[in-house]
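Here's the structure, in structure tokens; my notes come after.
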Amino acid sequence: MPFVKVDVLRENLSREKKQQLIRKISEAVTSVLNKDPHLTHIIINEIEDDNWGYACDQVSALKEQGFSTEKK
């Protein structure tokens with residue numbers, strides 16, 4: 001029984017986007033590991049910017065300096 005945990009920044013991740021993420025991860029687990037999707041569990045943890053560190057700083061502080069988490 002696969003258990004997949006995904007940590008993401010809390011950034012307007014809609015219910016539809018979460019469903020798409022869950023579906024794609026489940027498809028990958030089914031395809032690569034040959035596991036039953038009905039036994040695959042996906043957990044999405046949304047983490048506040050203040051609670052995520054990167055490059056020796058909080059993401060919230062980095063965003064104030066112009067850092068973006070969006071794909072360019």
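Owing to the predicted nature of the structure, the values given are computational and were not obtained by experimental measurement.
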| request: Please identify each residue that fulfils side-chain hydrogen bond (donor to acceptor under 3.5 Å, both in side chains) with Q58, with sequence neighbours left out. | output: none
| request: With rounding to the nearest 0.5 Å, note down the distance linking CZ in F3 to CD1 in I42. | output: 9.0 Å
| said: Do N45 and K5 make a side-chain contact, defined as non-hydrogen atoms from C-beta onward lying under 4.5 Å apart? | reply: yes
When the side chains of residues 23-34 are checked against the rest of the protein, which donor-acceptor pairs come out under 3.5 Å, sequence neighbours left out?
| residue | atom | partner | partner atom | Å |
| --- | --- | --- | --- | --- |
| S26 | OG | I22 | O | 2.9 |
| T30 | OG1 | S26 | O | 2.9 |
| T30 | OG1 | K35 | O | 3.3 |

| request: Search all heavy atoms of L13 against all heavy atoms of K18 and return the closest pair with its distance. | output: O-CE, 3.4 Å
| task | Give the cluster check for L39 versus V4: same hydrophobic cluster or not, with ILVMFWY residues linked at side-chain heavy-atom distances below 4.5 Å. | result | no
| field | Of all pairs that satisfy ring-ring contact (aromatic ring centres under 6.0 Å, His included), the ones with a partner from residues 39-63, not counting sequence neighbours | value | Y54-F67
| field | Criterion salt bridge (charged side-chain N to carboxylate O under 4.0 Å, His left out) on K17 and E11, from CA distance to verdict | value | CA-CA 11 Å; K17 287 288 186 184; E11 296 181 314; over 6 Å; no
| task | Could you please spell out the steps behind the salt bridge (charged side-chain N to carboxylate O under 4.0 Å, His left out) verdict for D49 and R10? | result | CA-CA 7 Å; D49 291 352; R10 182 167 291 176; over 6 Å; no
| task | Say whether I44 and L9 are linked into one hydrophobic cluster, either directly or through other cluster members, by side-chain heavy-atom distances under 4.5 angstrom. | result | no
